[in-house]
Amino acid sequence: MNNYTTSRQQTAGFIRYSCALLFMLFSFCYLFFLQGEILAEAQFVYSKGVTSYNILNGAIICTAVFQIVQWVVSFLSRLPSRYHALSYLPSMLFLAILTDVNRDAIAHFSFGAWAWVAPCILVVYALIVLLLRKMSDANAVSTLNIKSQIYPNFIILFVLMLCVGAIPQSSDVYHYELKAERLILEKDYVGASKVGERSLRTSARLTQLRMYALSKQGLLAERLFDYPQHDGSRGLLDIADTSSLERFKSSDICPHLGAYCGKNIHTTERYYQRVFEDSLWNQNTVDYYLCSLLLDKNLKEFQRQLPRYYNLSDSIVGAYDRLPRAYREALLQIGKKNYALQGNIVVGADTLAALSDYEMVDRFREYNEYKATYADETERINKTHREFGNTYWWYHDFSQKASGELQKMEEN
């Protein structure tokens, strides 16, 4: 009898500790790696900026609270060891409710369907617990078989994890936005510029955040087209965006460009105009403005404005070669094609410069040869993007024609 009791206690103890370990690992990883950013945003919005959410501390605290809830449920339900993992259902339910947050839920707080779904689940759960407790005496002998006790618990816990993970989630782009925003607030501009860098999917806000992070590193015009640019100059700065749901807004970029945005300024063009008129601009302003011209494909204005802010005098050796990469690529695009293929920037009757960056010139020549290889427009867009998608040349020639084809290619 003593051996039977000892074996039963050991089995029950192993089940309790193993289930607790698996649950806490799942809860912490889910909250820290997958849902931390969106919970931080929700905390900021719901508290109106009064409080903030620390992702690491939040994951630890929430996991601890959910584990305490499980201990209480386990004590009250006294489920047989074979079904011990069911005591985690309320904790998993609360975890699902906590993380079922998206952009709309943050903007307009609501429990949604959970207001009636959660009570129904808990009522059904209570009935199942009562039924299992009545059945437990008839199956008491089976507790000697440890495998028959462990496997059902692991299966139940795995199913509960799948159910939580199956709750509809926000898009990956929205999570990228929130992560980039947090890293910027932490002044980790290198990390912010790397968020989602391998994905072709983006949004105007995500692009704006990443471009600001590049600008803080002095790399905006150098790496502008290393990222997908689907929104033109609006992806750099959008003064018209006055949303109050973000921790870092468009208006927060303006001090970096030399001046705060006044209440009577409602467009980005007007903001640039006022900053230059009042001589409040700095090098960041210049690159933002010139890059916005490139993104809007206004090459004539770009060519006219570039010498105003960059000293391109003939007396400076290699002045054009010192320009950021996006500007040099744009100048090759502007120049007469036959001359540009040889590295000479000729606009109209003027020979502006001969680039000594032979690697870029060779790449420009390869680009023009490569795009002439494919007759089908869609194939040309996709194939040239794989090799030259990080250049201004591809952006200038194909960005408008792509119209979603690149996203489809990524999905396939």
#### Entry: Test applied, ring-ring contact (aromatic ring centres under 6.0 Å, His included); reference residue, Phe388; option that passes from Trp393, Tyr367, Phe225
Tyr367

### Message
Counting the benzene-type ring for Trp, do Tyr327 and Phe302 have ring centres under 6.0 Å apart?
### Response
yes

Note: [X]-[Y] ion pair, threshold 4.0 Å (strictly below):
X	Y	result
Arg363	Glu366	no
Asp226	Arg210	no
Asp362	Arg365	yes

Measure across [X] and [Y] and return the closest heavy-atom pair with its distance rounded to 0.1 Å.
X	Y	answer
Ile150	Ile15	CG1-CG1, 4.1 Å
Leu341	Asn368	CD2-ND2, 3.8 Å
Pro80	Leu132	CG-O, 4.1 Å
Arg322	Ile316	NH1-CG2, 3.8 Å
His256	Ser215	NE2-OG, 2.7 Å
Ile38	Asn102	CD1-CA, 3.9 Å

Nearest 0.5 Å, what's the [atom1]-[atom2] distance between [X] and [Y]?
X	Y	atom1	atom2	answer
Ser171	Tyr176	OG	OH	9.5 Å
Gln400	Tyr395	CD	OH	7.5 Å
Phe44	Leu39	CZ	CG	15.5 Å
Ile128	Leu89	CD1	CG	8.0 Å
Leu224	Leu295	CG	CG	5.0 Å
Leu206	Asp172	CG	CG	9.5 Å

Between [X] (side chain) and [Y] (backbone), is there a donor-acceptor pair under 3.5 Å?
X	Y	value
Glu222	Pro324	no
Thr384	Tyr370	no
His230	Leu200	yes
Asn390	Tyr227	no
Ser250	Leu237	no
Gln67	Met24	no
Asp287	Ala221	no
Ser74	Gln70	no

Test item: [X] and [Y] side chains (from C-beta on) under 4.5 Å apart, heavy atoms:
X	Y	value
Leu220	Cys291	yes
Leu331	Leu323	yes
Tyr310	Gln305	no
Asp238	Asp231	no
Glu41	Val101	no

### Task
Any chance you could lay out the ring-ring contact (aromatic ring centres under 6.0 Å, His included) test for Tyr88 and Phe26, step after step, and finish with the verdict?
CA-CA 12 Å; Tyr88 285 92; Phe26 169 75; over 10 Å; no

### Query
Should the ring pair Phe32 and Phe28 be called parallel, tilted or perpendicular, given that the plane angle runs from 0 to 90° and is split at 30 and 60?
parallel

### Message
Ring-plane angle category for His385 and Trp394, please: parallel below 30°, perpendicular beyond 60°, tilted otherwise.
### Response
perpendicular

How about [atom1] on [X], more than 12 heavy atoms from neighbouring residues, nucleotides or ligands closer than 6.0 Å, or not?
X	atom1	result
Phe158	CZ	no
Glu359	CD	no
Tyr151	OH	no
Tyr339	OH	no
Lys194	NZ	no
Tyr260	OH	no

### Summary
Test side-chain contact (heavy atoms from CB on, under 4.5 Å), reference Thr285, set Leu290, Leu280, Val275, output is Val275

### Query
Are Lys337 and Phe364 in a cation-pi setup, meaning NZ or CZ lies under 6.0 angstrom from the ring centre and within 45 degrees of the ring axis?
no

#### Entry: Lys/Arg cation over aromatic Tyr271: Arg274, 6.0 Å, 45° cone
no

### Message
side-chain hydrogen bond (donor to acceptor under 3.5 Å, both in side chains), that's the test. Do Glu37 and Tyr53 meet it? Break it down for me.
### Response
CA-CA 9 Å; Glu37 306 295 349; Tyr53 177 87; over 6 Å; no

### Message
Run the ring-ring contact (aromatic ring centres under 6.0 Å, His included) test on Tyr309 and Trp281 for me, step by step, so that the C-alpha distance in whole Å, both residues' side-chain angles and the decisive distance to 0.1 Å come before the verdict.
### Response
CA-CA 10 Å; Tyr309 304 109; Trp281 57 274; 5.3 Å; yes

### Query
Should Glu181 and Arg247 be marked as a salt bridge (charged side-chain N to carboxylate O under 4.0 Å, His left out) after you check the CA-CA gap, both sets of side-chain angles, and the distance that decides it?
CA-CA 7 Å; Glu181 181 182 56; Arg247 291 164 289 175; 2.9 Å; yes

### Query
Partners of Glu377 by salt bridge (charged side-chain N to carboxylate O under 4.0 Å, His left out), sequence neighbours excluded?
Arg380, Lys401

### Task
Report yes or no: do Ser399 and Lys297 form a side-chain donor-acceptor pair below 3.5 Å?
yes

### Message
Go through it in stages, so that I can follow the logic: the residues are Thr207 and Gln229, the test is side-chain hydrogen bond (donor to acceptor under 3.5 Å, both in side chains), and I'd like the CA-CA distance, side-chain angles, deciding distance and then a yes or no.
### Response
CA-CA 7 Å; Thr207 302; Gln229 300 288 348; 4.8 Å; no

### Task
Decide side-chain hydrogen bond (donor to acceptor under 3.5 Å, both in side chains) for Thr63 and Ser27; before the verdict, give the C-alpha distance in whole Å, the side-chain angles of both, and the deciding distance to 0.1 Å.
CA-CA 6 Å; Thr63 298; Ser27 177; 3.0 Å; yes

